[in-house]
S.K.: 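First, the structure itself, so that you have it in front of you.
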Amino acid sequence: MEFLRGVVGLIGIGCAYMAGRSAAALRKGWQKKSRLYGWIIRTLACIIAMAIRHPVDNAAIAVLVLAVAACGLGYWNTSREEPPEDLTHTIFPD
């Protein structure tokens, strides 16, 4: 059971990272709000599922801290993403 609790915690951290990416993409106008809400709901579901049967312990606190850090990292990575380089003139010369 503890193994599954750890797996759900890792999935929650991954969902938090994707929520951060979606927040940055929403701010840039690349995505809709519904995608951000979906990742937030998935993240909360995983974190709540991890803490529902056990009292708050070091593992739950570590997953929560890592989820917040992953969300920030996902936001930071996506907000500094450069647009793809336009290679049209390199591939097809005038």
S.K.: Any idea which heavy atoms bring P93 and I91 closest together, and the distance?
M.R.: CD-O, 3.3 Å

S.K.: What distance do Q31 atom CD and S22 atom OG have between them, rounded to the nearest 0.5 Å?
M.R.: 4.0 Å

S.K.: Heavy-atom count check: over 12 atoms from other residues, nucleotides or ligands less than 6.0 Å from W30 CH2?
M.R.: yes

S.K.: Donor-acceptor pair, K28 side chain versus S79 backbone, under 3.5 Å?
M.R.: yes

S.K.: Should we count CZ of R5 as having more than 12 external heavy atoms under 6.0 Å?
M.R.: yes

S.K.: Taking the side chain as every heavy atom from C-beta outward, state whether R21 and W39 have any pair of such atoms under 4.5 Å apart.
M.R.: no

S.K.: Check for me, please, whether I47 and I13 land in the same ILVMFWY cluster - side-chain distances under 4.5 Å, paths through other members count.
M.R.: no

S.K.: Shared ILVMFWY cluster between V65 and V56, side chains joined below 4.5 angstrom?
M.R.: yes

S.K.: For atom CG of N58, is the number of surrounding heavy atoms from other residues, nucleotides or ligands below 6.0 Å larger than 12?
M.R.: no

S.K.: Quick one: closest heavy-atom pair of G9 and M50, and the distance?
M.R.: CA-SD, 3.7 Å

S.K.: For residues Y17 and L10: do they belong to one hydrophobic cluster (side chain heavy atoms under 4.5 Å, members Ile, Leu, Val, Met, Phe, Trp, Tyr)?
M.R.: no

S.K.: In Å, rounded to the nearest 0.5 Å, how long is the span from OH of Y75 to CZ of R80?
M.R.: 9.0 Å

S.K.: Minimum heavy-atom separation for C46 to I11, with atom names?
M.R.: SG-CG2, 3.7 Å

S.K.: Taking T43 for its side chain and A16 for its backbone only, find out whether a donor-acceptor pair lies under 3.5 Å.
M.R.: yes

S.K.: Nearest 0.5 Å, please: how far is CG in L44 from SG in C15?
M.R.: 10.0 Å

S.K.: Under a single-linkage definition using a 4.5 Å side-chain heavy-atom cutoff for Ile, Leu, Val, Met, Phe, Trp and Tyr, are I40 and L26 assigned to the same hydrophobic cluster?
M.R.: yes

S.K.: Give the cluster check for M18 versus L73: same hydrophobic cluster or not, with ILVMFWY residues linked at side-chain heavy-atom distances below 4.5 Å.
M.R.: yes

